[in-house]
S.K.: 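Starting off with a structure, shown below.
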Protein chains: 2
Amino acid sequence: MLSSFQLWPFIDKFAFFNTMTAKEFERISKALGDPHRLKILQEIKKNKCMACACIREMIDLAQPSVSHHLKQLIDAGLVIPEKEGREMRYSIDDKVFTDYINYLSAFSQ
Amino acid sequence: MLSSFQLWPFIDKFAFFNTMTAKEFERISKALGDPHRLKILQEIKKNKCMACACIREMIDLAQPSVSHHLKQLIDAGLVIPEKEGREMRYSIDDKVFTDYINYLSAFSQ
DNA sequence: AAAACATATCGAAATATTTCAATGTATTAA
DNA sequence: TTAATACATTGAAATATTTCGATATGTTTT
């Protein structure tokens, strides 16, 4: 059976099945490549919690550092920020993870 | 329906389904977070080619730089090096990509 | 054995990232 | 309206990564 790529060989295997560009992929990979940010992501996944107040308790970093890491996760699209009074709430953007996985899956087949 | 995590809540969701540690995940993410290394991976995926000779033609970098990037991909486990005469052949380790995707999938569900 | 070739390693300069004290901004409480 | 709270931004030092010329190592060719 022919795959799409054999039928349309001019289509880039690494950009066809989702809208992610190589630049976006790179930014997400960078965001994932830090132990503090991975911890933050896992905490946000466990329970959508307010940021610095809650996250600082689990990570040994100053407030501006936590803020800096959160910004990178947000800029990569992995985390969605939401203002709630004078606090912030952060949540995981499942779709961006799915797109990232789709991009990756071109390598493991 | 109960998930495994509800049945065994003491098991870490991010380390159960594969053997990858957070440190390994971090190293792979870092390796993926560079445009040159992504290009190299895509080229290796397309056709298992000899390294510097073939890869240098597609990337505007000096030979030691290509070697340096390849080393990071190898250290991350994404690429398998193989000596063939005086050349090297590099190939993708599908399994490591699959493990990485498994680790990631805990975030997108 | 000497020359040529393919790639790795070293070391240093250029560049990028991480970190935090100080300060700014917006929101709620007094 | 002044205090306090929650978080973002700035700017600078510490640290890590990228890059490449020079050189080393191992393999094939002559």
Side-chain angles (χ1 to χ4, degrees), chain A residues 22-44 47-93, chain B residues 22-44 47-93:
Chain A
K23 200 68 205 164
E24 287 169 324
F25 180 86
E26 187 197 325
R27 177 165 289 199
I28 292 172
S29 300
K30 264 193 190 136
L32 293 171
D34 176 277
H36 294 310
R37 289 194 290 269
L38 188 59
K39 190 94 201 308
I40 290 172
L41 277 176
Q42 289 173 341
E43 288 305 322
I44 293 175
N47 49 332
K48 292 173 194 168
C49 70
M50 49 264 177
C52 293
C54 171
I55 292 173
R56 278 190 68 189
E57 289 171 13
M58 336 210 81
I59 292 189
D60 189 27
L61 281 180
Q63 177 266 319
S65 304
V66 174
S67 200
H68 163 77
H69 286 304
L70 279 164
K71 183 166 163 40
Q72 287 189 241
L73 292 169
I74 292 161
D75 288 350
L78 295 169
V79 163
I80 300 167
E82 224 175 325
K83 198 154 192 178
E84 200 170 298
R86 62 184 163 186
E87 293 185 348
M88 293 293 281
R89 280 191 173 276
Y90 302 98
S91 55
I92 298 288
D93 190 337
Chain B
K23 201 70 205 163
E24 288 168 324
F25 179 86
E26 187 199 327
R27 177 165 288 200
I28 292 172
S29 300
K30 264 193 190 134
L32 293 171
D34 175 276
H36 294 311
R37 288 195 290 269
L38 188 59
K39 190 93 199 310
I40 290 172
L41 276 176
Q42 290 173 341
E43 289 303 323
I44 293 175
N47 50 332
K48 293 173 193 166
C49 70
M50 49 263 176
C52 294
C54 171
I55 292 172
R56 280 189 69 190
E57 289 171 13
M58 338 209 79
I59 292 188
D60 191 26
L61 283 179
Q63 177 266 320
S65 304
V66 174
S67 198
H68 163 77
H69 286 304
L70 278 165
K71 183 167 162 41
Q72 286 188 241
L73 292 169
I74 292 161
D75 288 349
L78 295 170
V79 163
I80 302 166
E82 222 175 327
K83 199 154 192 179
E84 200 171 297
R86 62 184 165 189
E87 293 184 349
M88 293 292 282
R89 280 191 173 274
Y90 301 98
S91 55
I92 299 286
D93 191 337

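Each chain gets a letter, A, B and so on, in the order the sequences are listed, and its residues count up from 1.
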S.K.: For the side chain of Ser65(B), counting heavy atoms from C-beta on, which of dA8(C), dC20(D), dT19(C) is nearest?
M.R.: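 Selected nucleotide (nearest to the side chain): dC20(D).
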S.K.: Report the nucleotide, chosen from dC20(C), dA6(C), dC20(D), that has the shortest atom-to-atom distance to any side-chain atom of Glu87(B).
M.R.: dA6(C)
S.K.: Using the rule given for salt bridge (charged side-chain N to carboxylate O under 4.0 Å, His left out), can you reason through Arg27(A) versus Glu24(A), listing the C-alpha separation, both sets of side-chain angles and the distance that settles it, and then say yes or no?
M.R.: CA-CA 5 Å; Arg27(A) 177 165 289 199; Glu24(A) 287 169 324; over 6 Å; no
S.K.: Side chain of Ser67(B): nearest nucleotide among dT19(D), dT9(C), dA6(D)?
M.R.: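 Nearest to the side-chain atoms of Ser67(B), counting from C-beta on, is dT9(C).
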S.K.: For Lys30(B), does its backbone N or O pair with a side-chain atom of Arg37(B) as donor and acceptor, under 3.5 Å?
M.R.: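 Yes, because the side chain of Arg37(B) sits within donor-acceptor range (under 3.5 Å) of the backbone of Lys30(B).
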S.K.: Find the distance Lys71(B):NZ to dT18(D):C1' and express it as a whole number of Å.
M.R.: 15 Å
S.K.: Considering only heavy atoms from C-beta outward, does the side chain of Glu26(B) approach that of Lys23(B) to under 4.5 Å?
M.R.: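 Yes, their side chains come closer than 4.5 Å.
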S.K.: Rounded to the Å, how far apart are Gln72(B) CD and dT17(D) P?
M.R.: 8 Å
S.K.: State, with a plain yes or no, whether a side-chain heavy atom of Leu73(B) is found less than 4.5 Å away from one of Asp34(B).
M.R.: no
S.K.: For Glu84(A) and Pro64(A), take the nucleotide of DNA chain C holding the closest heavy atom to each; which residue's nucleotide lies nearer the 5' end?
M.R.: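 The residue whose closest nucleotide sits nearer the 5' end is Pro64(A).
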S.K.: Could you tell me whether the side chain of Lys83(A) reaches within less than 4.5 Å of the side chain of Met88(A), counting heavy atoms only?
M.R.: yes
S.K.: I'd like to know if Gln63(B) reaches the base of dA8(C) with its side chain such that a donor and an acceptor end up less than 3.5 angstrom apart.
M.R.: yes
S.K.: Could you tell me whether His36(B) contacts a base, only the sugar-phosphate backbone, or nothing, with contacts defined as non-hydrogen atoms closer than 4.0 Å?
M.R.: sugar-phosphate
S.K.: Could you tell me whether dA3(D) is syn or anti, where syn means a glycosidic angle within 90 degrees of zero?
M.R.: syn
S.K.: Which whole-number value in Å describes the distance from Glu57(B) CD to dT7(C) C1'?
M.R.: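 Rounded to whole Å, this separation is 15 Å.
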S.K.: Looking at the side chain of Arg86(A), which of dT19(C), dC5(C), dT28(C) is the nearest nucleotide?
M.R.: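 When the side chain of Arg86(A) is considered, dT28(C) is the closest of dT19(C), dC5(C), dT28(C).
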S.K.: Look through every strand shown and name the nucleotide pairing with dC10(C) as Watson-Crick or G-U wobble, where both distances are under 3.5 Å.
M.R.: dG21(D)
S.K.: Within the pair Lys30(B) and dT17(D), is there a side-chain N or O less than 4.0 Å away from OP1 or OP2?
M.R.: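 For Lys30(B), the contact criterion (side-chain N or O under 4.0 Å from OP1 or OP2 of dT17(D)) is met.
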S.K.: Between dT18(D), dA8(C), dG26(D), which one does the side chain of Lys83(B) approach most closely?
M.R.: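 My answer, after comparing the listed nucleotides, is dG26(D).
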S.K.: On DNA chain C, check which nucleotide each of Gly85(A) and Leu61(A) is closest to and give me the residue with the more 5' one.
M.R.: Leu61(A)
S.K.: By the 4.0 Å heavy-atom rule, please label Arg89(B) as base, sugar-phosphate, or nothing.
M.R.: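 Result for Arg89(B) = nothing.
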S.K.: Using atom NE2 of His68(A) as one end and atom P of dT17(C) as the other, report the distance to the nearest whole Å.
M.R.: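 Distance, rounded to whole Å: 9 Å.
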S.K.: Side chains of Ile55(B) and Leu61(B): does their closest heavy-atom pair fall under 4.5 Å?
M.R.: no
S.K.: For His69(A), which contact category applies under a 4.0 Å heavy-atom criterion: base, sugar-phosphate, or nothing?
M.R.: sugar-phosphate
S.K.: Can you tell me if the side-chain N/O atoms of Arg56(B) get under 4.0 Å from OP1 or OP2 in dA6(C)?
M.R.: no
S.K.: Rounded to whole angstrom units, what separation is found between the CD1 atom of Ile74(A) and the P atom of dC7(D)?
M.R.: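 It works out to 12 Å between those atoms.
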S.K.: Rounded to the nearest Å, what distance is computed from the CE atom of residue Met88(A) to the P atom of nucleotide dT25(C)?
M.R.: 17 Å
S.K.: Let me know the distance between CZ of Arg37(A) and P of dT18(C), rounded to the nearest Å.
M.R.: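 Distance, rounded to whole Å: 4 Å.
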S.K.: In whole angstrom, what separates Glu26(A)'s CD from dT17(C)'s C1'?
M.R.: 14 Å
S.K.: Does dT28(C) have a Watson-Crick or wobble partner in any strand here, with both distances under 3.5 angstrom, and which is it?
M.R.: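 WC or wobble partner does not exist here.
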